[in-house]
A.B. asks: 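Handing you a structure now.
Any value given below was found using the heavy atoms of this structure, including those in side chains, with hydrogens, waters and symmetry copies removed. Numbers restart at 1 for each chain; the letters A, B, ... are given by sequence-line order, proteins then strands. All values derive from a computational prediction rather than experimental measurement.
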Amino acid sequence: MHRRGRRSKAPNRDKPYNGQGASRLDSMHWADVIANTLLERGGKHLISTGITPSGYIHVGSLRESITANAVYKALKDKGADADFIYLVDSYDPLRKRYPFLPESFEKEVGKPICYIPCPDGCHDTYAEHFITPFLEAIGELGIRPRIIWTHKLYEEGKFTEIVDLVLRERSKVADILADVTGRKMPEGFWPFSAECPECGMFSDRIVSYDFPYVHFKCKCGYEGDADIRKGQGKMPWRVEWPAKWKLFSVTCEPFGKDHAAAGGSYDSGVRLCNEVYGMEPPHPVPYEFIQFKGKGQMHKSTGNVVTGTDALLITPPPVLAFSVLRYNPERHIDYDPGMGILDIVDEFDKVETFYFNGGADEKEKDLLRAYEIAQPSAVRNKLPLQVPYRHLVSVAQISDSFDGVVEVLKRSMSIPEISGEDMEVLRQRLECVRHWLNAFAPESVLFTVSPERPDVEMSDEERAYASELRKRLADTEWTGDRIHDAIYETAKTRGLQPKACFQALYRLFIDRRSGPRLGFFLSTLDKSFVLKRLDEA
RNA sequence: GGGCUCGUAGCUCAGCUAGGUAGAGCAAUCGGCUCUUAACCGAUGGGCCGAGGGUUCGAAUCCCUCCGAGCCCGCCA
């Protein structure tokens with residue numbers, strides 16, 4: 001069905017890239033499928049998503065933004081009238097004192113996070129403290145929705161009509177919730193909690209309603225009125241979520257599978273849309289969570305998580321986006337922050353090559369599209385410089401400075417010159433490699449070139465070998481191959497096992513018994529440094 | 001009690017919404033001037049497609065059942 005619609009579009013409208021621009025491929029990438037479904041509904045489109053920034057925000061939430069952004073981009077690519085908003089649920093109460101919070105925050109539990117102070121004193125509020133780095137992170141991914149703060153919506157009275165509606169229809173709302181969740185609704189259920197001016201907590205002990213005032217009693221003993229026009233209270237989650245759909249006319253929303261379960265909040269939202277709000281519910285895009293391999297399930301509440309920011313520290317942004325976009329949203333992702341990350345970058349580079357140079361087969365077209373959508377900004381107009389990521393892992397450990405790394409790369413890969421754009425990519429990737437080496441890399445790939453001769457024992461034989469190798473290398477062209485040859489040649493003439501020679505040299509340079517391919521490795525080092533070290537053997 | 005996803009080569013997964021002789025990457029093995037070491041190039045090996053049944057001329061692909069793994073909902077968000 002979507003196919004027909006797609007075929008009717010002007011074929012090969014424009015041809016941005018040499019032969020493989022994926023945007024005009026018959027991509028059936030899931031983002032395009034969703035976009036097509038939305039287009040069949042016609043009209044304007046609003047993608048909405050959001051979060052309650054109650055703690056450190058993990059990569060799973062990054063998936064939500066990446067997913068929403070992909071649909072948004074796909075719509076835009078098809079010329080649709082589309083917009084994308086991100087709702088920061090800043091008016092939600094702090095659920096509990098999370099382990100990462102000081103004890104003093106015990107008294108803040110129950111208050112809206114927009115009125116709780118920043119735990120580190122670096123932001124104006126608790127909510128800002130946690131959402132700011134997250135928004136910066138998605139910004140790096142090129143995701144820039146309109147940011148909307150829920151507490152402001154309440155303060156500005158945007159929800160007034162809807163709150164009035166649900167209060168008047170409260171028995172209907174209660175019936176729907178009871179029906180969907182299968183639970184018995186409490187006696188005096190009101191779809192509203194008032195914010196107590198006395199203690200700052202929310203109270204759901206509502207006594208009566210007479211527009212615009214909700215009369216309530218607080219646990220703290222306070223009794224009074226809350227003005228629904230002035231942000232003096234809020235709807236509960238299951239009611240508020242569809243209220244946002246109503247307020248903004250949301251047509252599509254990605255959400256975690258927790259909301260998607262039968263009887264979950266999407267189900268009740270749909271019923272409320274149909275039976276109370278009188279609108280068509282948004283097209284759902286349920287997505288599965290991302291798990292960091294070997295780290296167990298992540299939970300916002302434990303604080304013991306790999307945050308979205310952390311993920312970006314070790315993963316180049318387009319690569320992270322790509323690694324999410326390549327899978328269907330409902331598929332769970334095991335994100336391997338260990339060696340696996342090297343594979344995913346390699347995969348990304350391979351797809352990148354296909355994108356620009358062609359060679360992808362039919363089945364890989366969706367990957368090309370994923371690559372395209374993953375770009376934080378416009379797709380480059382030709383194949384970017386690709387430095388094998390694994391090579392970068394070695395080089396990063398040889399030189400501390402960026403310039404030094406560039407130097408080594410130029411020498412070991414014979415790259416004539418590097419464009420500004422490529423330099424940026426390189427810089428970004430190098431940063432990621434360094435963070436990865438610090439935090440996630442397995443011990444087996446780590447090494448340090450000792451600036452001074454390491455305190456290792458060398459046998460007479462090994463010393464003699466080093467001495468002869470030094471002589472030979474002095475006249476050797478400084479390339480990996482030649483050095484490699486020299487190492488073997490020397491071993492041969494002295495009747496030694498190459499293995500033993502390798503180990504001796506590794507010990508001498510990095511104080512280990514094994515390491516990166518030796519010839520290439522030494523070629524990345526300064527020649528006089530190498531000769532000097534051999535002298536010191 | 002209910003829902004979702006997954007179970008295909010050692011690992012990560014394609015292929016399954018157009019049923020027709022099993023794919024990729026990584027790993028492994030072997031080669032690249034008598035040279036094992038984590039760049040690069042090339043080659044090779046490796047899978048009764050979780051199990052059982054059904055539909056079909058034909059099923060990894062569709063249907064049913066079962067087994068196994070993970071997660072979520074039935075508090076709150």
Side-chain angles (χ1 to χ4, degrees), chain A residues 1-3 28 33 50-55 60 89 91-96 110 113 180-183 193 202 234 236-238 240-241 255-268 286-291 293 296-298 300-301 323 326-336 338-340 342-344 346-347 349-351 360-364 366-367 387-395 397 409 412-414 442 444-447 479-481 484-492 497-499 501-503 505-506 512-521 523-524:
Chain A
M1 43 180 173
H2 309 313
R3 296 173 163 263
M28 273 304 262
V33 173
I51 198 171
T52 304
S54 56
D89 288 332
Y91 197 42
D92 288 354
L94 182 65
R95 303 283 323 140
K96 62 175 187 180
I113 55 176
V180 172
T181 64
R183 78 181 146 130
S193 291
F202 284 105
K234 73 187 295 291
W237 162 250
R238 279 188 187 253
E240 185 182 276
W241 194 23
F255 47 84
K257 65 133 156 242
D258 46 343
H259 299 308
S265 47
Y266 181 72
D267 279 0
S268 53
Y287 65 87
E288 259 281 358
F289 298 155
I290 299 180
Q291 302 206 43
K293 204 174 168 184
Q297 171 66 0
M298 291 177 293
K300 286 183 288 199
S301 51
S323 62
R326 62 187 308 210
Y327 299 115
N328 287 326
E330 66 272 18
R331 181 142 185 160
H332 89 263
I333 297 177
D334 282 320
Y335 200 77
D336 179 3
M339 291 301 274
L342 270 34
D343 294 339
I344 191 80
D346 285 347
E347 170 81 2
D349 286 350
K350 190 187 85 182
V351 171
D361 60 37
E362 195 62 30
K363 290 168 187 167
E364 291 168 322
D366 285 355
L367 285 179
V387 175
Y389 207 62
R390 282 158 211 273
H391 188 41
L392 209 48
V393 168
S394 283
V395 176
Q397 298 181 85
L409 288 178
S412 64
M413 295 183 64
S414 58
S444 61
V445 304
L446 299 178
F447 67 87
T479 66
D481 285 340
H484 195 71
D485 289 345
I487 293 167
Y488 276 104
E489 288 292 316
T490 310
K492 194 175 68 178
Q497 285 295 319
K499 182 171 186 166
C501 300
F502 271 103
Q503 292 184 351
L505 292 170
Y506 282 125
R512 291 180 54 121
R513 296 174 60 82
S514 63
R517 279 190 172 256
L518 196 51
F520 268 86
F521 169 60
S523 78
T524 60

A.B. asks: Determine the interatomic distance between C1' on B/C49 and the same-named atom on B/C62; round to the nearest Å.
C.D. replies: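 Comparing C1' positions in B/C49 and B/C62 gives a spacing of 16 Å.
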A.B. asks: Send over the distance from A/Leu367 CG to B/G25 C1', rounded to a whole Å.
C.D. replies: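 About 11 Å, once rounded to whole Å.
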A.B. asks: Could you tell me how far B/C26 sits from B/A38 if I compare only their P atoms? Round to whole Å.
C.D. replies: 15 Å
A.B. asks: In whole Å, measure the gap between the P atoms of B/G70 and B/A18 for me.
C.D. replies: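 Rounded to whole Å, the distance is 33 Å.
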A.B. asks: Mind checking A/Glu347 for me? I need base, sugar-phosphate or nothing, with any heavy atom below 4.0 Å counting as a touch.
C.D. replies: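 Since no nucleic acid heavy atom lies under 4.0 Å of A/Glu347, the category is nothing.
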A.B. asks: If the P atom of B/A14 is compared with that of B/G74, how far apart are they to the nearest Å?
C.D. replies: 29 Å
A.B. asks: What's the closest nucleotide to the side chain of A/Glu330 if the choices are B/C76, B/G70, B/U5?
C.D. replies: B/U5
A.B. asks: Let me know the distance between CG of A/Leu94 and P of B/A77, rounded to the nearest Å.
C.D. replies: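 Distance check: A/Leu94 CG to B/A77 P gives 13 Å.
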A.B. asks: Side chain of A/Ala262, heavy atoms from C-beta onward: which of B/A38, B/A39, B/G3 has the nearest atom to it?
C.D. replies: B/G3
A.B. asks: Could you check A/Asp92 against A/Pro516 and say which one's nearest nucleotide on RNA chain B is further toward the 5' end?
C.D. replies: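 First, find each residue's nearest nucleotide; the 5'-ward one identifies A/Pro516.
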A.B. asks: So, do A/Tyr91 and A/Phe202 have ring centers that fall under 6.0 Å from each other?
C.D. replies: yes
A.B. asks: Please state whether the phosphate of B/U36, meaning OP1 or OP2, lies under 4.0 angstrom from any side-chain nitrogen or oxygen of A/Tyr488.
C.D. replies: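 Yes, because at least one side-chain N or O of A/Tyr488 sits under 4.0 Å from OP1 or OP2 of B/U36.
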A.B. asks: Quote, to the nearest angstrom, the P distance that separates B/C66 from B/C76.
C.D. replies: 32 Å
A.B. asks: Which nucleotide in the set B/C26, B/A77, B/C71 lies at the smallest distance from any side-chain heavy atom of A/Ser265?
C.D. replies: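 Nearest nucleotide to the side chain: B/A77.
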A.B. asks: If every non-hydrogen atom of A/Arg238 is compared with every non-hydrogen atom of A/Ser268, which pair is closest and at what distance?
C.D. replies: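 The pair with the smallest heavy-atom distance is NH1-OG, 3.0 Å.
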A.B. asks: Could you tell me how far apart A/Tyr91 (OH) and B/C76 (P) are, to the nearest whole angstrom?
C.D. replies: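 Checked: the OH to P distance equals 19 Å.
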A.B. asks: Name the closest nucleotide to the A/Ser394 side chain, picking from B/C75, B/C71, B/A38.
C.D. replies: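 From the listed options, B/A38 comes nearest.
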A.B. asks: With RNA chain B as reference, determine whether A/Gly264 or A/Arg95 sits nearer its 5' end, using the nearest nucleotide of each.
C.D. replies: A/Gly264
A.B. asks: Return the pairing partner of B/C66 with a 3.5 Å limit on both distances, Watson-Crick or G-U wobble; otherwise return none.
C.D. replies: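 B/C66 is paired with B/G50.
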A.B. asks: Whole angstroms only, please: what is the CG-C1' distance between A/Asp343 and B/A24?
C.D. replies: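 Checked: the CG to C1' distance equals 12 Å.
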A.B. asks: Watson-Crick or G-U wobble partner for B/G1, using a 3.5 Å limit on both distances?
C.D. replies: B/C73
A.B. asks: For nucleotides B/G52 and B/C11, find the distance between their C1' atoms and express it as a whole number of Å.
C.D. replies: 28 Å
A.B. asks: Should A/Arg331 be listed as having a side-chain N or O under 4.0 Å from OP1 or OP2 of B/A14?
C.D. replies: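 Answer yes for this pair, as a side-chain N or O of A/Arg331 is under 4.0 Å from OP1 or OP2.
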A.B. asks: Measuring from the side chain of A/Arg238 (C-beta onward, heavy atoms only), which nucleotide among B/C73, B/C72, B/G70 has the closest atom?
C.D. replies: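 That would be B/C73.
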A.B. asks: In whole Å, what is the span from the NE2 atom of A/His484 to the P atom of B/G31?
C.D. replies: 13 Å
A.B. asks: Check every atom of B/C40, B/C35, B/C4 against the side chain of A/Asp485 and return the nucleotide holding the closest atom.
C.D. replies: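 It is B/C35.
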A.B. asks: Looking at B/A28, which nucleotide sits across from it as a Watson-Crick or G-U wobble partner, both distances under 3.5 angstrom, or is there none?
C.D. replies: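 Per the H-bond distance test, B/U44.
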A.B. asks: Looking at B/A39, B/C26, B/C72, which one has an atom nearest to any side-chain atom of A/Lys257?
C.D. replies: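 Nearest listed nucleotide: B/C72.
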A.B. asks: Return the nearest nucleotide to the side chain of A/Phe289; candidates are B/G70, B/A39, B/C72.
C.D. replies: B/C72
A.B. asks: Using whole Å, report how far NE2 of A/His259 lies from C1' of B/G74.
C.D. replies: 15 Å
A.B. asks: Expressed as a whole number of angstroms, how long is the span from A/Ile290:CD1 to B/U5:C1'?
C.D. replies: 15 Å
A.B. asks: Is the side chain of A/Tyr266 donor-acceptor paired with the backbone N or O of A/Lys257 at a distance under 3.5 Å, no angle test?
C.D. replies: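 No: the side chain of A/Tyr266 does not pair with the backbone of A/Lys257.
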A.B. asks: On a whole-Å scale, what distance lies between the C1' atoms belonging to B/U55 and B/G20?
C.D. replies: 16 Å
A.B. asks: What nucleic acid atoms does A/Glu489 come within less than 4.0 Å of, heavy atoms only: base, sugar-phosphate, or nothing?
C.D. replies: nothing
A.B. asks: Report yes or no: does A/Glu347 contribute a side-chain atom to a donor-acceptor pair with the main-chain N or O of A/Ser323 at less than 3.5 Å?
C.D. replies: no
A.B. asks: Only one of A/Leu392, A/Val393, A/Val445 clears side-chain contact (heavy atoms from CB on, under 4.5 Å) with A/Leu342; which?
C.D. replies: A/Val393
A.B. asks: What does A/Asp258 touch in the nucleic acid at a heavy-atom separation under 4.0 angstrom: a base, only the sugar-phosphate, or nothing?
C.D. replies: base
A.B. asks: What heavy-atom pair brings A/Pro286 and A/Pro329 nearest, and what distance separates the two atoms?
C.D. replies: O-CB, 3.7 Å
A.B. asks: Atom CG of A/Asp349 and atom P of B/A39: how far apart are they, to the nearest Å?
C.D. replies: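 It is 15 Å, rounded to the nearest whole Å.
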A.B. asks: Using the side-chain heavy atoms of A/Ala261, tell me which of these nucleotides is nearest: B/C73, B/G70, B/A38.
C.D. replies: B/C73
A.B. asks: Strictly distance-based, threshold 3.5 Å: is any side-chain N or O of A/Arg326 a donor or acceptor partner for the main-chain N or O of A/Asp366?
C.D. replies: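 No, the answer is negative, given that no donor and acceptor are paired below the 3.5 Å cut-off.
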A.B. asks: Identify whether any heavy atom of A/Tyr327 sits under 4.0 Å from a base atom; if not, whether one sits that close to sugar-phosphate; answer base, sugar-phosphate or nothing.
C.D. replies: sugar-phosphate
A.B. asks: Consider the side chain of A/Arg183, meaning its heavy atoms from C-beta on, and name the nucleotide among B/C26, B/C75, B/A38 that approaches it most closely.
C.D. replies: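 When the side chain of A/Arg183 is considered, B/C75 is the closest of B/C26, B/C75, B/A38.
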A.B. asks: Distance check, P atoms only: B/G46 and B/C33, in whole angstrom units.
C.D. replies: 27 Å
A.B. asks: Look at the side chain of A/Arg512 and the backbone N and O of A/Leu446, then say whether any donor-acceptor pair between them is shorter than 3.5 Å.
C.D. replies: yes
